Amino acid sequence: VYPGSYLSEDIYLVAKEDELIQPGQLEPERFFASLSHQISQLDDLDQDLICPAQPISNVPWLEAMFGCPVRVSSQAVWAETLLENGGSIETFQPGWDDAWEAAALNMVRSLVKQFSPRAPVAGPFLRGPGDVLAALLGAYRLSYELVYHPAQVQRLAELCARRWVE
């Protein structure tokens, strides 16, 4: 256990099973008790790993920033696809959800205020461009588009990579 590997139950503090999460529901203070407990466990371990406090790691932050709805189930939190069953990849331009970006930044700032310098604080776990493409298009559609429209997949991958770096 390390800070940031929130127990899956923590997400149920803000959403019920099979509900969509909105960025405003992720108020950092709701997760402080669990994270404080995890950090206190580190004091008893003889280890040389750096274990940062970080925003809830099972939330698909970057996918949500690209506009994918985020759903909670009993076993996972995932980003729903935007283009899986229809729409043209040639004209598809994912948006950017400032509210999700603000929620991630707010989470990091709140963690710094609450836990620094006791624990290092890291940014949210951001999946890579390939993962974001799979979320945007769906895994099956992404596989299809890689074969039949590779230039469009490259265009979207470059967009995802640029946003990841930003």
Side-chain angles (χ1 to χ4, degrees), residues 1-35 38 51-87 89 92-112 114-115 119-146 152-166:
V1 174
Y2 66 92
S5 70
Y6 292 95
L7 303 173
S8 60
E9 300 89 52
D10 283 354
I11 202 65
Y12 296 109
L13 295 171
V14 297
K16 296 179 183 144
E17 184 175 341
D18 202 34
E19 267 188 1
L20 292 177
I21 301 173
Q22 301 304 317
Q25 292 175 271
L26 298 173
E27 298 167 356
E29 297 77 16
R30 294 177 129 175
F31 305 98
F32 284 172
S34 175
L35 192 50
Q38 291 179 42
C51 300
Q54 71 183 88
I56 308 166
S57 58
N58 59 347
V59 170
W61 293 98
L62 193 56
E63 293 89 329
M65 290 178 208
F66 271 108
C68 292
V70 177
R71 185 169 298 277
V72 173
S73 78
S74 62
Q75 298 178 5
V77 179
W78 76 90
E80 295 186 341
T81 59
L82 294 180
L83 197 65
E84 185 171 33
N85 294 321
I89 192 170
F92 179 61
Q93 184 67 33
W96 188 254
D97 191 327
D98 292 329
W100 274 101
E101 182 179 19
L105 293 172
N106 181 49
M107 184 76 73
V108 171
R109 288 182 191 112
S110 297
L111 291 171
V112 168
Q114 182 71 21
F115 297 105
V121 176
F125 177 74
L126 301 178
R127 292 156 182 89
D131 298 309
V132 175
L133 282 174
L136 291 171
L137 303 175
Y140 178 81
R141 175 88 186 254
L142 175 58
S143 300
Y144 173 87
E145 299 296 355
L146 278 167
Q152 294 302 322
V153 173
Q154 181 176 350
R155 174 184 64 85
L156 291 172
E158 288 171 357
L159 173 67
C160 292
R162 278 194 309 276
R163 285 295 194 165
W164 190 91
V165 170
E166 290 174 0

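Since we're looking at a predicted model, the values are computed, not measured. Values below: all heavy atoms of this structure, side chains included; hydrogens, waters and symmetry mates excluded.
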Reference residue L156; test side chain to side chain contact (heavy atoms under 4.5 Å, CB included); the match among V132, L133, L83: L133

Any C68 side-chain heavy atom under 4.5 Å of L136 side chain: yes

Pairwise side-chain contact, W61 with V70, heavy-atom cut-off 4.5 Å (strictly under): no

Listed partners of W164 passing ring-ring contact (aromatic ring centres under 6.0 Å, His included), at least two apart: none

Side-chain heavy atoms of L137 within contact of Y144, under 4.5 Å: no

Rounded distance (nearest 0.5 Å) linking atom CZ of F115 with atom CD of Q54: 12.5 Å

Closest approach of L111 to L35 (non-hydrogen atoms, all atoms of both residues): CD2-CD2, 3.4 Å

Which atom of A122 lies closest to which atom of P55, heavy atoms considered: O-CD, 3.4 Å

R71 side chain vs E80 backbone, donor-acceptor pair below 3.5 Å: no

Atom of F125, atom of S57 and distance for their closest heavy-atom approach: CD2-O, 4.2 Å

E145 side chain near Q152 side chain, heavy-atom distance below 4.5 Å: no

Shortest non-hydrogen contact between W100 and Q22, atoms and distance: CZ2-C, 4.0 Å

Test item: L159 and Q93 side chains (from C-beta on) under 4.5 Å apart, heavy atoms: yes

Shortest non-hydrogen contact between M107 and I56, atoms and distance: CE-CD1, 4.1 Å

Q25 backbone acceptor or donor facing R30 side chain under 3.5 Å: yes

Spacing of CH2 belonging to W96 relative to CZ belonging to R163, to within rounding of 0.5 Å: 5.0 Å

Taking every non-hydrogen atom, the tightest pair across R141 and G87: NH2-O, 2.8 Å

